[in-house]
There are 2 protein chains.
Amino acid sequence: MTTISDVAKEANVSVATVSRVLNNHSSVRPETYERVYKAIEKLSFEPNMSARNLRRNETRVILIVAPNITNPYYAHILSGIGDAASEYGYSALIFNTNGEETREKESLDMLKKKKADGAILLSIDIDSLWLKEYADKYPIVHCSEYTKDLNIPKVSIDNYKASLDVMEYIISLGHKRIATITSSNNYISTHERLEGYKDSLEKHGINLKEDYIASANADYSFKSGKAAAYKLLQGENRPTAIFCISDTIALGAIIAAKELGIKVPEDLTIIGFDDVDDTTMFHPYITTISQPCYDIGREAFKILFGIINKGKDNKKVVLPHKFIIRESSAPIS
Amino acid sequence: MTTISDVAKEANVSVATVSRVLNNHSSVRPETYERVYKAIEKLSFEPNMSARNLRRNETRVILIVAPNITNPYYAHILSGIGDAASEYGYSALIFNTNGEETREKESLDMLKKKKADGAILLSIDIDSLWLKEYADKYPIVHCSEYTKDLNIPKVSIDNYKASLDVMEYIISLGHKRIATITSSNNYISTHERLEGYKDSLEKHGINLKEDYIASANADYSFKSGKAAAYKLLQGENRPTAIFCISDTIALGAIIAAKELGIKVPEDLTIIGFDDVDDTTMFHPYITTISQPCYDIGREAFKILFGIINKGKDNKKVVLPHKFIIRESSAPIS
DNA sequence: GTGAAAGCGCTAACAC
DNA sequence: GTGTTAGCGCTTTCAC
């Protein structure tokens with residue numbers, strides 16, 4: 001194993017100078033820099049991270065906290081975080097919380113115990129104010145979901161705007177009886193999408209009907225989406241369009257419609273959200289909002305990196321979503 | 001931050017003794033042990049990993065090499081690895097290779113550069129003999145897929161046996177015209193499943209028909225599965241059963257059959273593999289082989305941990321699969 | 001059974 | 001602009 005002092009000998013300088021070169025300190029004369037650089041290359045020297053970490057009091061580990069990385073949505077984000085982290089020389093401690101607050105806290109205690117330099121939270125309830133205590137002391141960034149009223153850096157799409165986009169489109173198709181399937185979870189995305197739904201109706205002078213709002217499980221399960229759609233479609237004056245808060249729910253709604261003999265999109269428009277599940281297997285392919293999950297992950301890492309190395313920040317990054325029209329939506333007949 | 005010497009003071013011993021307690025050296029007198037232990041608790045001391053790693057020349061980082069963690073199969077395994085790693089105080093460097101050999105080698109160079117203590121490979125071609133060079137020098141374990149003829153520790157299910165199970169079942173249903181959709185990739189699982197298919201036919205005196213063997217893409221895509229099924233079902237003397245190497249392919253086959261007006265399972269039995277995609281959304285629910293992905297991941301980590309800490313090993317662990325009969329299979333009519 | 005002390009590889013004050 | 005050196009927190013040899 002070659003060390004900094006091997007390089008120093010090779011280049012005929014002191015270890016301090018090598019260290020300076022390694023850390024891009026400006027005070028090194030170009031010739032010296034060159035000489036050291038060549039020695040580094042020649043010996044193919046790689047700095048020992050444990051030594052550097054010990055000295056700098058860092059870990060070069062980040063915490064990734066998610067309910068369940070098996071969920072494709074989180075898997076995509078994780079992929080982006082993971083790639084960025086590798087590029088910057090960080091490794092990851094992946095914590096599955098199963099959505100439990102105790103597990104969330106437990107994971108953040110890793111920060112307290114100095115097992116990680118910072119954390120990226122993939123999902124957190126809108127009202128998790130207990131987070132403040134941690135965010136004040138440690139580098140934390142929100143990814144996708146975030147707590148309201150807490151000034152913590154975050155990256156996500158504009159869920160409210162995306163919801164508006166969906167609703168404008170549905171309304172432009174001539175629909176008036178528009179329902180939504182939301183979720184029983186307590187995420188900001190869920191709230192904002194519902195707000196967008198309500199505000200759009202109001203803007204267009206369409207009365208909000210409470211029984212046009214159904215709710216699926218916290219984890220957007222197919223089954224619960226299907227059940228919610230059943231409720232919606234079996235009531236009287238059934239909707240001609242349903243805005244679903246996720247693609248899995250939309251899939252459930254499509255099946256419910258099919259079982260009830262309602263044709264999609266001819267008699268019922270269904271819109272999804274996320275575009276991460278494969279919804280181009282079965283017709284009708286689902287019209288949906290697509291999120292740049294991978295980039296959300298990458299960006300989250302970069303912000304965290306900035307905080308760890310340059311100190312506090314409260315950047316809020318909003319990435320663009322895309323509206324993808326496929327087959328499950330049509331003008332009212 | 002409390003250090004080992006704080007603990008030493010508190011317990012009235014030397015740092016060496018604290019270290020011994022920390023590492024369970026037997027040579028510490030019970031009373032001393034007790035005293036130190038209490039001091040550790042009292043100060044809620046946590047050893048500084050960077051210091052320990054520097055001293056021991058470790059990183060406490062493992063490499064996880066996968067084509068794409070966004071694939072649910074890998075995501076499930078990753079979940080198991082991640083949980084086990086966290087429990088043992090390891091973090092992970094996740095490398096997406098996209099199936100490219102150069103990326104695989106690149107990732108393993110992290111071992112050379114001492115950026116990780118060992119690696120878990122989630123997929124590797126059956127004939128990647130170049131791996132030997134690395135496996136001889138560094139702790140590496142195979143997970144799910146492995147290279148033939150290389151004596152590297154591994155954990156997987158018995159793909160050959162699983163294939164036999166499927167085939168015995170299909171044959172017991174009375175089918176004689178049995179096709180398979182394999183994959184163009186070069187994984188051992190693919191080979192073994194195909195072997196099982198062939199051997200079963202032979203055992204039951206059914207002639208192998210080359211045009212009953214179709215092939216989907218390397219990544220088992222739905223589309224390619226559907227295309228392969230089309231080829232199978234449009235030929236003359238079409239099969240009455242198709243054994244698909246993955247659930248996504250089976251899903252494709254079901255759609256192909258539906259489009260061709262062939263009823264599943266009445267006129268065509270379709271079997272899948274993996275049970276990781278959600279195949280209980282649409283009827284018919286798919287009869288399939290289920291793999292204990294999470295446990296495969298956990299076990300792989302444990303073996304790696306063993307090698308890192310106790311030295312070479314060539315344990316081969318075979319975990320049990322399950323055969324799940326659902327709706328896509330029926331006796332020949 | 002326990003302690004003293006060296007040293008892992010690096011960074012950063014401080015000196016020149 | 002560069003070198004000398006202390007020291008980050010831990011493990012481990014060597015004494016006793």
Side-chain angles (χ1 to χ4, degrees), chain A residues 1-40 43-61 89-90 112-117 308-310, chain B residues 1-40 43-61 89-90 112-117 308-310:
Chain A
M1 169 168 238
T2 92
T3 75
I4 208 177
S5 84
D6 297 329
V7 176
K9 261 174 231 154
E10 175 73 27
N12 254 310
V13 293
S14 73
V15 290
T17 301
V18 178
S19 176
R20 286 186 190 108
V21 170
L22 250 24
N23 295 288
N24 281 314
H25 281 246
S26 50
S27 64
V28 181
R29 206 193 311 153
E31 301 95 278
T32 320
Y33 186 96
E34 189 62 19
R35 205 147 30 94
V36 172
Y37 193 80
K38 276 198 181 128
I40 289 173
L43 305 178
S44 62
F45 163 80
E46 294 270 343
N48 178 315
M49 282 305 164
S50 305
R52 175 177 286 176
N53 293 342
L54 172 60
R55 192 48 234 249
R56 290 200 189 152
N57 197 23
E58 296 176 344
T59 63
R60 286 251 149 183
V61 171
Y90 278 73
K112 217 181 265 174
K113 292 182 187 165
K114 286 256 171 215
K115 305 287 186 200
D117 295 339
I308 291 173
N309 294 290
K310 278 158 253 158
Chain B
M1 170 168 241
T2 94
T3 74
I4 207 175
S5 84
D6 297 328
V7 177
K9 261 174 229 151
E10 175 73 28
N12 254 310
V13 293
S14 72
V15 292
T17 301
V18 178
S19 175
R20 286 185 191 108
V21 169
L22 249 24
N23 296 286
N24 281 313
H25 282 244
S26 49
S27 64
V28 182
R29 208 194 309 154
E31 300 95 278
T32 320
Y33 185 96
E34 190 62 20
R35 203 145 31 92
V36 172
Y37 193 81
K38 276 198 180 127
I40 289 173
L43 305 177
S44 64
F45 163 82
E46 294 269 344
N48 177 313
M49 280 306 163
S50 305
R52 176 176 285 178
N53 292 343
L54 172 60
R55 191 50 234 246
R56 292 197 188 156
N57 196 24
E58 295 178 344
T59 64
R60 285 249 149 186
V61 170
Y90 279 73
K112 220 181 263 175
K113 293 182 187 165
K114 286 253 170 218
K115 306 286 186 199
D117 295 340
I308 291 172
N309 294 289
K310 276 158 255 156

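All chains are named by letter (A, B, ...) in the order of the sequence lines, taking the proteins before the strands, and each is independently numbered beginning at 1.
One side chain, A/T59 or A/D117, offers a donor N or O that lies under 3.5 Å from an acceptor on the other.
One interatomic measurement links the two molecules: CD of B/E34 to P of C/dG1, which rounds to 17 Å at whole-angstrom precision. Taking atom CE of residue A/M1 and atom P of nucleotide C/dC10, one finds them 7 Å apart after rounding to whole Å. Rounded to an integer number of Å, the gap from B/R60 CZ to D/dC10 C1' is 13 Å. A/N48 has its CG atom 10 Å from the P atom of C/dT11, to the nearest Å. Taking atom CE of residue B/M49 and atom C1' of nucleotide D/dC10, one finds them 11 Å apart after rounding to whole Å. One can place CG of B/N57 at 13 Å from C1' of C/dG7, the figure rounded to the nearest angstrom. As rounded to whole Å, 18 Å separates atom P of C/dG9 from atom CZ of B/R52. One can place CZ of A/R55 at 4 Å from C1' of C/dT11, the figure rounded to the nearest angstrom.
The two residues B/P47 and A/K115 make their nearest non-hydrogen contact at O-NZ, 3.8 Å. Contact detail for B/V28 and B/Y33: the closest heavy-atom pair is CG1-N, 3.7 Å. Of all heavy-atom pairs between B/L22 and B/F45, the closest is CD2-CE2, 3.6 Å. Shortest non-hydrogen contact noted between A/M1 and A/D6 is O-OD2, 3.8 Å. Smallest separation of non-hydrogen atoms from B/A11 and B/A39: CB-CB, 3.9 Å.
B/F45 comes within contact range of the sugar-phosphate backbone alone, with a heavy-atom separation under 4.0 Å but no base atom that close.
A/S50 contributes no side-chain N or O that, together with a main-chain N or O of B/R55, makes up a donor-acceptor pair within less than 3.5 Å.
The stretch residues 16-32 of chain B touches DNA chain C through B/A16, B/T17, B/R20, B/S27, B/V28, B/R29, B/T32, each having a heavy atom under 4.0 angstrom from the strand.
In this structure, of C/dC8, D/dC8, C/dC10, it is C/dC10 that holds the atom nearest to the side chain of A/T3. Taking the side chain of A/S14 as heavy atoms from C-beta on, and the options D/dT11, C/dT11, D/dG3, the nearest nucleotide is D/dG3.
Along DNA chain D, the nucleotide closest to B/A51 and the one closest to A/N12 are compared, and the more 5′ of them pairs with A/N12.
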